Amino acid sequence: MDLQPGFRLVVAPRFHLAVDWAERLLLGAVQQEDGRFFPRHSWRTPSPEELRLLLGDPTLPIEDDACDKCLALLTLPQHLQAAFWGMLENEAQAPPTPRLQGWDGFVHEVARFLDFKGSPVPEDAVFDLVVSKPGQRSIQWDAEAAHAIGLTFNLASWISWPLQDETRLPRLWGGFNLGDEPVHVLLVNLPASHLAAELARDVAEAPPPTTLDELARRFLTHCPDYPLVRLRLDPGEGYRIPVGGVLIDACTLDTEGPGLMLMVRCEEAKGAGSEET
């Protein structure tokens, strides 16, 4: 199945980041294992036409409102990266504690920096440090089942489809590579509405999906050869996920040490979903 035009990959406005996209990107496909979806082991470089579909015209400026419809690359300043590693060094020399000392202050400074740069995190944002072993095809982990989750939407799987007010739903906003080696973001470049439309054309006799999880499973099962985008994320770099529901994950396939990702997620807004009893 050929790559289709979807959301663009861009550098966020006011972030001075030189990117050789052709050198950063690979394309692959997914395979199903026990009802979960992971990248296959083979990768290829995108063609010039595929790069055009992923990037659009990279010479055109990106406005703030248009950035919400793009997967935008961000980067943290050196002093925040150094502050994180300083926390780890202090933690290694101190008695064990259930919480990383200085974490709250660190994420507060990250949020302040992103706000200053015009990419503010939502007020209800939660910051998690995700540590992954090297060589993992997915950084998403099901602790209860003790296995990797694989490719999923950045919105909660139980959310009803079609989407209503995405801004009020629990979702992954984006993430940052805090490690000292590159990690790779894995994604499908089409929002959920495009996936549903593709299924409606090709599997017209089937009833429409009722949840995001059902939509994801149907698309990845029916279209396993749709190009999966693999984007290299260098140390200190991050990404902001576009609106519309995106199939996304990250991997540590080429790292020698553990991956360290700062994941930014949004809790369910008050008044959305079920009420407290």
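These figures come from a predicted structure and were not determined experimentally.
For the pair L17 and L74, the tightest heavy-atom approach, listed with the atom from each and the gap, is CD2-O, 4.1 Å. In terms of heavy atoms, F7 sits closest to L190 at CE2-N, 3.8 Å. Closest approach of E91 to Q101, counting heavy atoms only: OE1-N, 3.5 Å. Summarising the geometry of C70 relative to P242, their closest heavy-atom pair is O-CB, 3.4 Å, with the distance given to 0.1 Å. In plain terms, the two heavy atoms of S47 and E50 that are nearest each other are N-OE1, 2.8 Å. Considering every non-hydrogen atom in both L26 and P46, the closest pair reads CA-CD, 4.3 Å.
Exactly one of V185, L233, L129, V131 qualifies for a side chain to side chain contact (heavy atoms under 4.5 Å, CB included) with M261. That residue is L233.
Linking ILVMFWY side-chain heavy atoms closer than 4.5 Å, directly or via other members, places W173 and V243 in two distinct hydrophobic clusters.
Ring geometry, W103 versus F84: the interplanar angle exceeds 60°, so the pair is classed perpendicular (tilted spans 30 to 60°).
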Can E49 and R52 be said to form a salt bridge (charged side-chain N to carboxylate O under 4.0 Å, His left out), step by step?
CA-CA 5 Å; E49 174 61 18; R52 187 191 68 78; 2.7 Å; yes
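Around atom CD of E256, no more than 12 heavy atoms belonging to other residues, nucleotides or ligands sit under 6.0 Å away.
Atom CD1 in I241 sits 9.5 Å away from atom CZ in R171 (nearest 0.5 Å). Put simply, CZ on R24 and CG on D234 are 4.5 Å apart, with the number rounded to the nearest 0.5 Å.
Using a 3.5 Å distance cut-off with no hydrogens or angles, the side chains of Y239 and N177 do not pair a donor with an acceptor.
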